[in-house]
Visitor: 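Have a look at this one.
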Amino acid sequence: ASHFSLGAYCIGGIPIDNQWLASVVGLITVALLTITLITTIFDAHLQSRTSAQAKRLKEVNAELEMQTAAAQAALRELEHFHYALDQQASVSVTNLHGVITYANDHFCELSQYSREELIGSSHSIVKSNAHSPEFYAEMWATILAGDVWRGEICNRKKSGENYWVNASIVPYKDDAGAVTQFVSIRTEITQRKLAQDLLAMQEVKSRTSEERLRQIADNIPAMIAYWDRDSICRFANRAHFDRFGLAPDQLVGMSIDELFGSAQRKNRPFNEHTRARIAAALRGEHQLFDQSDVGPNGAVRHWQSEFVPHWN
(Lines give C-alpha, C1' and ligand atoms only; values in the text may rest on other atoms or scores of the structure.)
Protein backbone atom coordinates (compact mmCIF):
# COMPACT_ATOMS: atom_id res chain seq x y z
CA ALA A 1 0.00 0.00 0.00
CA SER A 2 1.20 3.62 -0.72
CA HIS A 3 2.64 5.69 2.08
CA PHE A 4 1.64 9.00 0.35
CA SER A 5 -1.54 10.81 1.10
CA LEU A 6 -3.64 12.51 -1.53
CA GLY A 7 -2.11 15.80 -2.70
CA ALA A 8 1.36 15.20 -1.13
CA TYR A 9 4.74 15.72 -2.84
CA CYS A 10 7.92 13.76 -2.31
CA ILE A 11 11.57 14.39 -3.04
CA GLY A 12 13.82 11.37 -3.28
CA GLY A 13 11.09 9.27 -1.82
CA ILE A 14 10.69 11.53 1.16
CA PRO A 15 7.20 12.89 1.52
CA ILE A 16 6.83 16.66 1.77
CA ASP A 17 3.91 18.29 3.44
CA ASN A 18 1.92 20.62 1.22
CA GLN A 19 1.67 23.28 3.91
CA TRP A 20 5.39 23.28 4.53
CA LEU A 21 6.06 23.45 0.81
CA ALA A 22 3.70 26.37 0.46
CA SER A 23 5.55 28.19 3.23
CA VAL A 24 8.89 27.62 1.55
CA VAL A 25 7.56 28.79 -1.82
CA GLY A 26 6.11 31.85 -0.13
CA LEU A 27 9.41 32.71 1.50
CA ILE A 28 11.26 32.29 -1.78
CA THR A 29 8.70 34.48 -3.54
CA VAL A 30 9.06 37.20 -0.90
CA ALA A 31 12.84 37.00 -1.19
CA LEU A 32 12.67 37.29 -4.96
CA LEU A 33 10.26 40.20 -4.73
CA THR A 34 12.52 41.86 -2.18
CA ILE A 35 15.56 41.38 -4.38
CA THR A 36 13.61 42.72 -7.36
CA LEU A 37 12.47 45.76 -5.35
CA ILE A 38 15.98 46.47 -4.05
CA THR A 39 17.38 46.08 -7.56
CA THR A 40 14.72 48.42 -8.93
CA ILE A 41 15.40 51.03 -6.21
CA PHE A 42 19.19 50.74 -6.74
CA ASP A 43 18.79 51.04 -10.49
CA ALA A 44 16.56 54.08 -10.04
CA HIS A 45 19.09 55.66 -7.62
CA LEU A 46 21.94 54.81 -9.92
CA GLN A 47 20.11 56.31 -12.89
CA SER A 48 19.27 59.42 -10.87
CA ARG A 49 22.85 59.77 -9.71
CA THR A 50 24.17 59.15 -13.22
CA SER A 51 21.76 61.75 -14.58
CA ALA A 52 22.86 64.29 -11.96
CA GLN A 53 26.50 63.56 -12.70
CA ALA A 54 25.86 63.90 -16.42
CA LYS A 55 24.09 67.22 -15.83
CA ARG A 56 26.92 68.45 -13.64
CA LEU A 57 29.46 67.26 -16.19
CA LYS A 58 27.59 69.15 -18.89
CA GLU A 59 27.60 72.29 -16.74
CA VAL A 60 31.32 71.90 -16.04
CA ASN A 61 32.02 71.44 -19.76
CA ALA A 62 29.98 74.55 -20.58
CA GLU A 63 31.84 76.53 -17.91
CA LEU A 64 35.18 75.27 -19.23
CA GLU A 65 34.19 76.26 -22.76
CA MET A 66 33.28 79.77 -21.55
CA GLN A 67 36.57 80.07 -19.67
CA THR A 68 38.49 78.80 -22.69
CA ALA A 69 36.73 81.31 -24.96
CA ALA A 70 37.47 84.12 -22.49
CA ALA A 71 41.12 83.06 -22.25
CA GLN A 72 41.43 82.92 -26.03
CA ALA A 73 39.84 86.37 -26.34
CA ALA A 74 42.23 87.73 -23.70
CA LEU A 75 45.15 86.11 -25.50
CA ARG A 76 44.11 87.68 -28.82
CA GLU A 77 43.74 91.06 -27.14
CA LEU A 78 47.19 90.65 -25.57
CA GLU A 79 48.65 89.72 -28.96
CA HIS A 80 47.05 92.82 -30.53
CA PHE A 81 48.42 94.98 -27.70
CA HIS A 82 51.85 93.40 -28.08
CA TYR A 83 51.77 94.02 -31.84
CA ALA A 84 50.70 97.66 -31.39
CA LEU A 85 53.38 98.22 -28.76
CA ASP A 86 56.04 96.70 -31.04
CA GLN A 87 55.12 99.16 -33.80
CA GLN A 88 55.58 102.19 -31.58
CA ALA A 89 58.06 101.40 -28.82
CA SER A 90 61.35 99.68 -28.14
CA VAL A 91 60.77 97.00 -25.52
CA SER A 92 63.38 95.02 -23.63
CA VAL A 93 63.49 92.82 -20.53
CA THR A 94 66.55 92.62 -18.29
CA ASN A 95 67.44 90.61 -15.21
CA LEU A 96 68.54 92.09 -11.91
CA HIS A 97 72.07 92.58 -13.27
CA GLY A 98 70.92 94.56 -16.31
CA VAL A 99 71.52 91.71 -18.75
CA ILE A 100 69.05 91.76 -21.66
CA THR A 101 66.84 88.66 -21.86
CA TYR A 102 64.34 89.95 -24.44
CA ALA A 103 64.44 92.58 -27.19
CA ASN A 104 61.67 93.35 -29.66
CA ASP A 105 62.11 94.18 -33.34
CA HIS A 106 61.78 97.92 -32.81
CA PHE A 107 64.65 97.94 -30.32
CA CYS A 108 66.82 96.03 -32.78
CA GLU A 109 66.01 98.44 -35.61
CA LEU A 110 66.56 101.55 -33.52
CA SER A 111 69.81 100.43 -31.92
CA GLN A 112 71.09 98.78 -35.14
CA TYR A 113 72.04 95.67 -33.14
CA SER A 114 70.70 92.23 -33.98
CA ARG A 115 68.63 90.33 -31.41
CA GLU A 116 71.50 87.86 -31.00
CA GLU A 117 73.86 90.76 -30.18
CA LEU A 118 71.48 92.30 -27.66
CA ILE A 119 70.31 89.23 -25.72
CA GLY A 120 72.91 88.26 -23.16
CA SER A 121 74.53 91.71 -23.27
CA SER A 122 74.23 94.44 -20.69
CA HIS A 123 72.13 97.50 -21.47
CA SER A 124 75.40 99.42 -21.44
CA ILE A 125 75.79 98.22 -25.03
CA VAL A 126 73.68 101.25 -26.03
CA LYS A 127 74.99 103.57 -23.33
CA SER A 128 76.18 107.01 -24.42
CA ASN A 129 78.34 109.50 -22.54
CA ALA A 130 75.53 112.05 -22.29
CA HIS A 131 74.64 111.28 -18.65
CA SER A 132 76.58 111.38 -15.41
CA PRO A 133 77.18 108.35 -13.15
CA GLU A 134 74.76 109.95 -10.68
CA PHE A 135 72.02 109.81 -13.31
CA TYR A 136 72.33 106.04 -13.65
CA ALA A 137 72.78 105.54 -9.91
CA GLU A 138 69.48 107.30 -9.24
CA MET A 139 67.76 105.21 -11.92
CA TRP A 140 69.02 101.91 -10.48
CA ALA A 141 68.14 102.93 -6.93
CA THR A 142 64.57 103.64 -8.04
CA ILE A 143 63.91 100.39 -9.89
CA LEU A 144 65.69 98.16 -7.34
CA ALA A 145 63.37 99.67 -4.73
CA GLY A 146 60.45 98.39 -6.81
CA ASP A 147 59.36 101.77 -8.17
CA VAL A 148 58.83 102.78 -11.79
CA TRP A 149 61.50 105.05 -13.25
CA ARG A 150 60.56 107.55 -15.98
CA GLY A 151 62.85 109.90 -17.85
CA GLU A 152 64.65 110.82 -21.04
CA ILE A 153 67.79 108.89 -21.96
CA CYS A 154 70.37 109.48 -24.65
CA ASN A 155 71.49 106.12 -26.09
CA ARG A 156 74.00 105.25 -28.80
CA LYS A 157 73.44 103.20 -31.94
CA LYS A 158 75.87 100.58 -33.21
CA SER A 159 77.03 103.16 -35.77
CA GLY A 160 78.01 105.53 -32.96
CA GLU A 161 75.12 107.93 -33.57
CA ASN A 162 73.27 109.12 -30.48
CA TYR A 163 69.50 108.97 -30.18
CA TRP A 164 67.06 110.06 -27.48
CA VAL A 165 64.22 108.04 -25.97
CA ASN A 166 61.47 108.69 -23.46
CA ALA A 167 61.75 105.65 -21.19
CA SER A 168 59.69 103.91 -18.53
CA ILE A 169 61.40 101.08 -16.60
CA VAL A 170 58.92 98.86 -14.75
CA PRO A 171 60.09 96.36 -12.09
CA TYR A 172 58.42 92.92 -12.12
CA LYS A 173 57.88 91.26 -8.72
CA ASP A 174 57.19 87.69 -7.62
CA ASP A 175 54.41 86.62 -5.24
CA ALA A 176 56.61 87.52 -2.29
CA GLY A 177 57.06 91.08 -3.60
CA ALA A 178 60.71 90.67 -4.55
CA VAL A 179 61.91 92.29 -7.80
CA THR A 180 62.86 89.63 -10.36
CA GLN A 181 63.33 91.53 -13.63
CA PHE A 182 62.75 94.86 -15.37
CA VAL A 183 60.72 95.76 -18.45
CA SER A 184 61.84 98.87 -20.31
CA ILE A 185 59.48 100.62 -22.74
CA ARG A 186 60.99 103.43 -24.79
CA THR A 187 59.74 105.78 -27.53
CA GLU A 188 62.17 107.73 -29.67
CA ILE A 189 62.17 111.52 -29.23
CA THR A 190 65.34 112.41 -31.15
CA GLN A 191 63.63 114.83 -33.54
CA ARG A 192 61.88 116.61 -30.66
CA LYS A 193 65.14 116.97 -28.76
CA LEU A 194 66.87 118.33 -31.88
CA ALA A 195 64.02 120.80 -32.38
CA GLN A 196 64.28 121.90 -28.74
CA ASP A 197 68.04 122.41 -29.08
CA LEU A 198 67.54 124.38 -32.30
CA LEU A 199 64.86 126.52 -30.67
CA ALA A 200 67.13 127.19 -27.69
CA MET A 201 69.92 128.25 -30.05
CA GLN A 202 67.55 130.50 -31.95
CA GLU A 203 66.35 132.06 -28.71
CA VAL A 204 69.94 132.76 -27.69
CA LYS A 205 70.64 134.28 -31.11
CA SER A 206 67.40 136.26 -30.93
CA ARG A 207 68.27 137.64 -27.50
CA THR A 208 71.75 138.49 -28.71
CA SER A 209 70.37 140.19 -31.82
CA GLU A 210 67.78 142.07 -29.77
CA GLU A 211 70.44 143.24 -27.34
CA ARG A 212 72.60 144.47 -30.21
CA LEU A 213 69.63 146.17 -31.85
CA ARG A 214 68.74 147.89 -28.58
CA GLN A 215 72.30 149.08 -28.10
CA ILE A 216 72.25 150.61 -31.56
CA ALA A 217 68.72 152.05 -31.23
CA ASP A 218 69.39 153.53 -27.78
CA ASN A 219 72.27 155.53 -29.20
CA ILE A 220 70.10 157.11 -31.88
CA PRO A 221 68.50 160.41 -30.77
CA ALA A 222 65.39 159.82 -32.86
CA MET A 223 62.47 157.92 -31.34
CA ILE A 224 62.29 154.36 -32.69
CA ALA A 225 59.50 151.97 -31.72
CA TYR A 226 57.77 148.85 -32.99
CA TRP A 227 53.97 148.65 -32.67
CA ASP A 228 51.97 145.55 -33.53
CA ARG A 229 48.68 145.37 -35.45
CA ASP A 230 46.75 146.12 -32.26
CA SER A 231 48.83 149.29 -31.75
CA ILE A 232 50.63 147.76 -28.74
CA CYS A 233 54.24 148.80 -28.19
CA ARG A 234 56.62 145.83 -28.46
CA PHE A 235 59.91 147.73 -28.61
CA ALA A 236 60.99 151.31 -27.96
CA ASN A 237 64.41 152.94 -27.70
CA ARG A 238 65.67 155.23 -24.94
CA ALA A 239 64.58 158.36 -26.83
CA HIS A 240 60.94 157.33 -26.32
CA PHE A 241 61.46 156.94 -22.60
CA ASP A 242 63.18 160.32 -22.40
CA ARG A 243 60.55 162.07 -24.50
CA PHE A 244 57.53 160.73 -22.58
CA GLY A 245 59.14 160.38 -19.17
CA LEU A 246 58.31 156.68 -18.88
CA ALA A 247 60.35 153.72 -17.71
CA PRO A 248 60.97 150.94 -20.29
CA ASP A 249 58.68 148.47 -18.48
CA GLN A 250 55.90 151.07 -18.57
CA LEU A 251 56.05 151.82 -22.28
CA VAL A 252 56.43 148.28 -23.65
CA GLY A 253 52.95 146.73 -23.68
CA MET A 254 51.21 150.11 -23.73
CA SER A 255 48.87 151.02 -26.58
CA ILE A 256 49.21 154.21 -28.60
CA ASP A 257 45.88 155.41 -27.21
CA GLU A 258 47.22 154.92 -23.66
CA LEU A 259 50.47 156.67 -24.49
CA PHE A 260 48.91 159.76 -26.02
CA GLY A 261 45.58 159.79 -24.20
CA SER A 262 46.36 158.70 -20.64
CA ALA A 263 45.57 160.93 -17.70
CA GLN A 264 49.15 162.12 -17.31
CA ARG A 265 49.21 163.09 -21.02
CA LYS A 266 46.03 165.23 -21.10
CA ASN A 267 48.05 168.29 -22.08
CA ARG A 268 49.04 166.60 -25.34
CA PRO A 269 46.04 164.50 -26.46
CA PHE A 270 46.27 161.95 -29.20
CA ASN A 271 45.05 164.03 -32.19
CA GLU A 272 42.90 162.67 -34.97
CA HIS A 273 45.52 163.52 -37.58
CA THR A 274 48.02 161.09 -36.01
CA ARG A 275 45.31 158.47 -35.53
CA ALA A 276 44.49 158.63 -39.26
CA ARG A 277 48.18 158.23 -40.08
CA ILE A 278 48.41 155.11 -37.92
CA ALA A 279 45.28 153.65 -39.53
CA ALA A 280 46.82 154.19 -42.96
CA ALA A 281 50.07 152.51 -41.87
CA LEU A 282 48.08 149.48 -40.64
CA ARG A 283 46.61 149.27 -44.15
CA GLY A 284 50.15 148.98 -45.46
CA GLU A 285 50.67 152.61 -46.51
CA HIS A 286 54.02 154.23 -45.69
CA GLN A 287 53.54 157.45 -43.66
CA LEU A 288 55.93 160.43 -43.32
CA PHE A 289 54.59 163.58 -41.66
CA ASP A 290 55.32 166.41 -39.19
CA GLN A 291 53.67 166.70 -35.79
CA SER A 292 54.10 168.57 -32.52
CA ASP A 293 53.19 168.33 -28.85
CA VAL A 294 53.74 170.12 -25.55
CA GLY A 295 56.69 168.94 -23.44
CA PRO A 296 56.74 168.57 -19.66
CA ASN A 297 58.11 172.10 -19.31
CA GLY A 298 55.24 173.55 -21.37
CA ALA A 299 57.33 174.18 -24.47
CA VAL A 300 55.98 173.15 -27.86
CA ARG A 301 58.07 170.49 -29.58
CA HIS A 302 58.12 169.71 -33.29
CA TRP A 303 59.37 166.53 -34.97
CA GLN A 304 58.98 164.44 -38.07
CA SER A 305 57.29 161.03 -37.73
CA GLU A 306 57.56 158.04 -40.05
CA PHE A 307 55.36 154.92 -39.87
CA VAL A 308 56.76 152.01 -41.88
CA PRO A 309 54.47 148.96 -42.30
CA HIS A 310 56.04 145.58 -41.58
CA TRP A 311 54.78 142.61 -43.56
CA ASN A 312 54.95 138.98 -42.41
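Keep in mind that the numbers below use all heavy atoms, side chains included, and drop hydrogens, waters and symmetry copies. Being a predicted model, the structure only gives us computed values, none of them experimental.
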Visitor: Flag the pair Glu152 / Arg192 as yes when at least one side-chain heavy-atom distance between them is below 4.5 Å, and no otherwise.
Guide: yes
Visitor: Within the structure provided, determine whether Met254 and Val252 are in side-chain contact (heavy-atom separation under 4.5 Å).
Guide: no
Visitor: If you compare all heavy atoms of Ala89 against all heavy atoms of Thr187, which two are closest, and at what distance to 0.1 Å?
Guide: CB-CG2, 4.1 Å
Visitor: On the ring face of Tyr113, is Lys157 found with NZ or CZ under 6.0 Å from the centre and within 45° of the axis?
Guide: no
Visitor: Mind checking whether Thr94 and Thr101 have side chains closer than 4.5 Å, heavy atoms only?
Guide: no
Visitor: Within a radius of less than 6.0 Å around OH of Tyr172, do more than 12 heavy atoms belonging to other residues, nucleotides or ligands occur?
Guide: no
Visitor: Taking Ile232's backbone N and O only, do any of them form a donor-acceptor pair with Asp230's side chain (distance below 3.5 Å, no angle check)?
Guide: no
Visitor: Please set out all donor-acceptor pairs under 3.5 angstrom arising from side-chain atoms of residues 26-39, sequence neighbours excluded.
Guide:
| residue | atom | partner | partner atom | Å |
| --- | --- | --- | --- | --- |
| Thr29 | OG1 | Val25 | O | 2.8 |
| Thr34 | OG1 | Val30 | O | 2.7 |
| Thr36 | OG1 | Leu32 | O | 2.8 |
| Thr39 | OG1 | Ile35 | O | 2.7 |

Visitor: Heavy-atom distance under 4.5 Å between the side chains of Leu282 and Ser231, does that happen here?
Guide: yes
Visitor: Counting only heavy atoms not in Arg238 (residues, nucleotides, ligands), do more than 12 fall under 6.0 Å from its CZ?
Guide: no
Visitor: Are Tyr136 and Val165 connected in a single hydrophobic cluster, I mean Ile/Leu/Val/Met/Phe/Trp/Tyr linked by side-chain heavy atoms less than 4.5 Å apart?
Guide: yes
Visitor: Which hydrophobic side chains are connected to Leu57, either touching it within the sub-4.5 Å cutoff or through other members that do?
Guide: none
Visitor: Are Phe182 and Trp140 an aromatic pair by the rule of ring centers under 6.0 Å?
Guide: yes
Visitor: Would you indicate whether the side-chain heavy atoms of Arg115 and Tyr102 approach each other to under 4.5 Å?
Guide: no
Visitor: Just by distance, with hydrogens left out, do His123 and Ser92 show a side-chain donor and acceptor under 3.5 Å apart?
Guide: yes
Visitor: Ignoring hydrogens and geometry beyond distance, is a side-chain donor-acceptor pair present between Arg156 and Ser111 at under 3.5 Å?
Guide: no
Visitor: Do His131 and Ile153 make a side-chain contact, defined as non-hydrogen atoms from C-beta onward lying under 4.5 Å apart?
Guide: yes
Visitor: Residues two or more places apart in sequence or in another chain: which of them pass side chain to side chain donor-acceptor pair (under 3.5 Å) with Thr68?
Guide: none
Visitor: Mind checking whether Leu118 and Val99 sit in one hydrophobic cluster, side chains of I, L, V, M, F, W, Y counted as touching below 4.5 Å?
Guide: no
Visitor: Could you check whether any side-chain heavy atom of Leu194 comes within less than 4.5 Å of a side-chain heavy atom of Thr190, counting everything from C-beta outward?
Guide: yes
Visitor: Is it the case that the side chains of Glu138 and Thr142 hold a donor-acceptor pair, with the cut-off being a distance below 3.5 Å and no angle test?
Guide: yes
Visitor: Taking side chain as C-beta onward, heavy atoms only, is His106 less than 4.5 Å from Glu188?
Guide: no
